[in-house]
Amino acid sequence: MAGKITFTMIKPSAFESGFTGKILAKIEDGGYRIIAMKKVRLSKELAGHFYEMHTGKPFFEDLTTFMSSGSIVAAILEKENAVEDFRQFIGATDPAKAEDNTIRKLYGKSLSENAIHGSDSDESAERESGFFFSFIERT
Ligand code: CMP
């Protein structure tokens, strides 16, 4: 059965551009409940741990440099079928290919600076949520 939570991050470019409030409003209007949230800045090392499944890929260096370049907002979202629905909701990884009215289409600039992250599986949602939030903070 599909899980009820997903994990998201508003990426540094979107945060810096002042899109955080609009993106969070869109998420809530889309039926997602924010059950944990914080603004943080990742070190390059921590960004590397978060994206460890991409280690060795051509974009890994740029990805971790970018994700540690400024503040992000990390959050756990709750909804039925959260992972799959949220991936549809935010749009394709490349904003140029994202459908109209998706967050990446509206606020993304490029494949790297694509405004927002969404977990790709229930297992990732659990791992990524645990990376940023302790059990106590989630209750
Ligand atoms: P995200 O969903 O956060 O997961 C990994 C990120 O790597 C992805 O969004 C993109 O921002 C970034 N990225 C950069 N280049 C690529 C690429 N060629 N393929 C996939 N992801 C990429």
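Index from 1, following the sequence. We count ligands from 1, going down the list as the structure has it; atoms in each ligand are counted the same way.
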Peer 1: What pair of heavy atoms forms the shortest contact from Phe131 to Leu46, and how long is it?
Peer 2: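 Closest approach of Phe131 to Leu46: CZ-O, 3.4 Å.
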Peer 1: Might you work through the side-chain contact (heavy atoms from CB on, under 4.5 Å) test for Leu106 and Phe19, ending with a clear yes or no?
Peer 2: CA-CA 10 Å; Leu106 291 169; Phe19 296 147; over 6 Å; no
Peer 1: Throw together a table of side-chain donor-acceptor distances under 3.5 angstrom for residues 50-59, partners on residues two or more places apart or in other chains.
Peer 2:
from	atom 1	to	atom 2	distance (Å)
His54	ND1	Lys57	NZ	3.0
Thr55	OG1	Glu52	O	2.6

Peer 1: Starting from Met37, can I reach Phe7 by hopping between I/L/V/M/F/W/Y residues whose side chains sit under 4.5 Å apart?
Peer 2: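 No, because Phe7 and Met37 fall into different hydrophobic clusters, even though each may have its own neighbours under 4.5 Å.
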Peer 1: Hey, which residues fall under 4.0 Å of ligand 1 on heavy atoms?
Peer 2: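 Those residues closer than 4.0 Å to ligand 1 by some heavy atom are Lys11, Tyr51, His54, Phe59, Leu63, Thr93, Arg104, Leu111, Ser112, Asn114, His117.
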Peer 1: Set out, in order, the CA-CA distance, both residues' side-chain angles and the distance that settles side-chain contact (heavy atoms from CB on, under 4.5 Å) for Ile34 and Leu77, then state yes or no.
Peer 2: CA-CA 5 Å; Ile34 298 167; Leu77 306 176; 3.8 Å; yes
Peer 1: Under a 3.5 Å distance rule, please check whether Arg41 uses its side chain to pair with a backbone N or O of Ile72 as donor and acceptor.
Peer 2: no
